[in-house]
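Order of listing sets the numbers, starting from 1, for every ligand and every atom in it.
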Amino acid sequence: MGYLALKQLEMAKKLDSSVALLQWKDWKWQMGHAIRDIRTFERLTGVEFSDEEREELEKTIQRFPMSITPYYLSLINPGDVRNDPVFKQCFPSPAELIIEKCDMEDPLAEDRDSPVEGITHRYPDRVLFLVSNVCAMYCRHCTRKRKVGNVDYIPDRERIEKGLRYIRNNPRIRDVLLSGGDPLMLPDEYLDWILTELRNIPHVEVIRIGTRVPVVLPYRITDDLVAVLKKHHPLWINTHFNHPKEMTPASREALCKLADAGIPLGNQSVLLAGINDCPEIMKNLVHRLVQNRVRPYYLFQCDLAEGLAHFRTSVSKGIEIIENLIGHTTGFAVPTFVVDAPGGGGKIPLMPNYLISLATNKVVLRNYEGVITTYTEPDMYRSVKCEGDCDKCPLDYSTEDVGDKEVGIARLLSDRDSTIALVPKNGRYTNRYHV
Ligand SMILES: *Cc1c(COP(=O)(O)O)cnc(C)c1O
């Protein structure tokens with residue numbers, strides 16, 4: 001038995017004296033024995049807090065509750081908790097009670113952009129559908145911290161049906177992203193029902209699930225669950241590893257089951273101060289991910305949600321990390337660094353500049369080593385002018401549905417739109433000659 005397994009068994013015995021080793025791997029046992037108070041944490045890890053510290057911590061969990069699976073807790077190094085990336089992600093810090101001026105309850109305006117309960121519809125062709133209010137573990141850096149611990153509940157069929165109806169009635173929605181809470185905390189049959197209903201909607205091409213279960217409760221990825229997921233392809237899963245320490249044998253096994261079921265796997269990390277704000281840690285993490293068939297998808301700048309101030313880094317730290325990845329490692333191991341715009345603007349990608357200058361038919365670029373190079377553009381190239389009529393176009397579009405008109409900057413670039421500027425409505429710009 002390895003060191004980790006021994007430690008886990010010892011911990012399990014403290015929680016449940018009649019426990020058998022097999023039960024440790026039972027996700028329901030794990031959920032039933034989640035650590036939700038400071039004293040139990042101390043008893044299990046041997047870490048001791050002063051009375052004053054304990055009081056502060058208890059005040060913190062009254063506002064933002066704590067819940068840690070025994071599995072995730074077992075990854076903590078009790079000898080040095082204050083520098084432990086697992087500890088910092090699951091254990092409260094009194095710093096969460098510091099609210100900064102820029103902090104917002106709902107920084108991404110998910111509630112405002114919600115046409116029916118549970119749905120956030122921000123992009124024309126895809127929606128976020130919150131189908132569960134339950135999480136295996138409460139991440140201290142949760143962007144939906146405002147909702148954490150609001151009584152864990154599973155929306156009933158009637159509520160889910162409202163969201164499904166909205167999707168059915170909107171033929172432009174081709175991509176549905178299930179999130180929560182954690183959708184994989186739903187019972188298998190319930191999840192199967194939701195996926196079946198979604199699959200019966202002809203315009204829904206892709207279903208995605210966002211889940212942290214492979215990181216905090218890998219035993220939830222049972223053969224039965226995988227059998228359910230597998231029925232509803234194309235189904236994609238995005239998970240949420242933030243540190244290489246989280247890639248344990250149990251997590252690897254869970255990822256392997258999902259990948260073997262043909263589910264494309266992605267990962268969304270959050271850039272967190274004192275946890276992964278280091279190019280070497282991030283490089284190590286993305287290597288562990290691709291080794292386990294998980295494609296790094298996004299690296300998020302930490303949101304302006306209340307209680308997250310102590311986790312936030314500068315934006316430049318994200319750029320520095322990307323500078324250390326592009327060219328230095330496998331192309332598909334590099335995530336896109338994004339800021340999710342406060343106020344509901346959606347995700348905005350950022351990266352270092354590789355374009356140095358431009359002239360007629362010539363582009364000056366630099367590579368990851370700092371080599372400055374040129375690319376000469378062809379003299380004879382003429383782009384096909386788009387009149388918006390695909391039948392008359394020499395390019396073979398090979399599909400029936402013609403795309404929507406462009407929006408945003410793409411509209412400024414379009415041949416078939418005469419818009420020359422985007423001017424904010426009700427902004428100062430429109431009234432700039434007014435007193
Ligand atoms: C992130 C997000 C999506 C999905 O965005 P992708 O860039 O396609 O992954 C959809 N809706 C909302 C509200 C989101 O926040």
Side-chain angles (χ1 to χ4, degrees), residues 104-133 135 139 141-148 155 160 162-164 166-184 194-195 198 201 203-212 234-242 263-271 286 289 294-305 308 318 322 332-351 403-404 406-410:
M104 291 172 268
E105 218 193 334
D106 174 18
L108 310 180
E110 289 185 327
D111 296 340
R112 187 203 64 205
D113 285 349
S114 173
V116 298
E117 200 185 325
I119 295 252
T120 299
H121 194 175
R122 170 160 309 144
Y123 300 99
D125 69 336
R126 55 207 191 279
V127 291
L128 182 67
F129 190 5
L130 307 183
V131 293
S132 152
N133 209 35
C135 277
C139 303
H141 57 277
C142 183
T143 189
R144 302 198 185 107
K145 220 169 160 72
R146 66 187 186 284
K147 297 189 174 178
V148 173
I160 299 284
K162 277 190 197 150
L164 290 168
Y166 180 80
I167 297 168
R168 268 187 218 112
N169 291 336
N170 284 267
R172 285 181 3 147
I173 299 170
R174 41 162 290 285
D175 175 0
V176 177
L177 204 174
L178 300 182
S179 185
D182 199 312
L184 298 189
I194 296 173
L195 293 171
L198 284 172
I201 304 174
H203 54 266
V204 173
E205 297 169 5
V206 178
I207 301 173
R208 307 191 241 179
I209 294 178
T211 175
R212 209 175 183 204
L235 177 91
W236 296 57
I237 287 185
N238 265 327
T239 183
H240 175 177
F241 286 87
N242 285 329
I263 301 169
L265 301 174
N267 186 71
Q268 312 195 149
S269 295
V270 184
L271 186 50
V286 299
L289 288 167
V294 182
R295 165 93 155 85
Y297 181 49
Y298 283 140
L299 171 62
F300 284 98
Q301 175 70 16
C302 187
D303 286 329
L304 297 176
L308 305 190
I322 300 300
F332 63 73
V334 184
T336 303
F337 175 49
V338 292
V339 178
D340 215 332
K347 297 175 189 75
I348 298 171
L350 295 175
M351 66 152 98
D404 290 321
E406 293 82 359
V407 296
I409 309 297

- Message: Could you tell me if Thr211 and Asp182 have a donor-acceptor pair between their side chains, going purely by distance under 3.5 Å?
- Response: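 There is such a pair (donor and acceptor under 3.5 Å, judged by atom type) between the side chains of Asp182 and Thr211.
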
- Query: For residues His240 and Asn238, is any side-chain donor paired with an opposing acceptor at under 3.5 Å?
  - Reply: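 No.
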
- Of the choices His121, Arg208, Arg122, which has the non-hydrogen atom that lies closest to atom 4 (C) of ligand 1?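 When every heavy atom of His121, Arg208, Arg122 is considered, Arg208 comes closest to atom 4 (C) of ligand 1.
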
- Ignoring angles and geometry beyond distance, decide whether Tyr298 reaches within less than 3.5 Å of ligand 1 through its nitrogen or oxygen atoms.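 For ligand 1, there is an N or O atom that lies under 3.5 Å from one belonging to Tyr298.
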
Distance in Å, [X] [atom1] paired with [Y] [atom2], rounded so as to fall on 0.5 Å steps:
X	Y	atom1	atom2	value
Tyr298	Ser269	OH	OG	13.5 Å
Ser132	Ile209	OG	CD1	11.0 Å
Leu130	Thr120	CG	OG1	5.5 Å

Specify the protein heavy atom at minimum distance from [atom]: its residue, its atom name, and the distance to 0.1 Å.
atom	value
atom 2 (C) of ligand 1	Lys347 NZ, 2.4 Å
atom 13 (C) of ligand 1	Thr120 CG2, 3.7 Å
atom 12 (C) of ligand 1	Tyr123 CE1, 3.9 Å
atom 9 (O) of ligand 1	Tyr297 OH, 2.6 Å

- Item | Location of contacts on Arg126 toward ligand 1, heavy atoms closer than 4.0 Å |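 Looking at Arg126 and ligand 1, just side chain atoms fall under 4.0 Å.
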
- Where on Asp113 is there a heavy atom closer than 4.0 Å to ligand 1, on the side chain, on the backbone, on both, or on neither?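 Asp113 to ligand 1: no contact under 4.0 Å from either part.
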
- Would you mind telling me which of Asp125, Ile201, Ile167 makes a side-chain contact (heavy atoms from CB on, under 4.5 Å) with Ile173?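 The passing option is Ile167.
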
- Query: Leu177 heavy atoms, cut-off 4.0 Å: which ligand 1 atoms fall inside?
  - Reply: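 Answer for ligand 1: 3 (C), 4 (C).
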
- Task: State, yes or no, whether a side-chain contact exists between Val286 and Val334 at a heavy-atom distance under 4.5 Å.
- Result: no

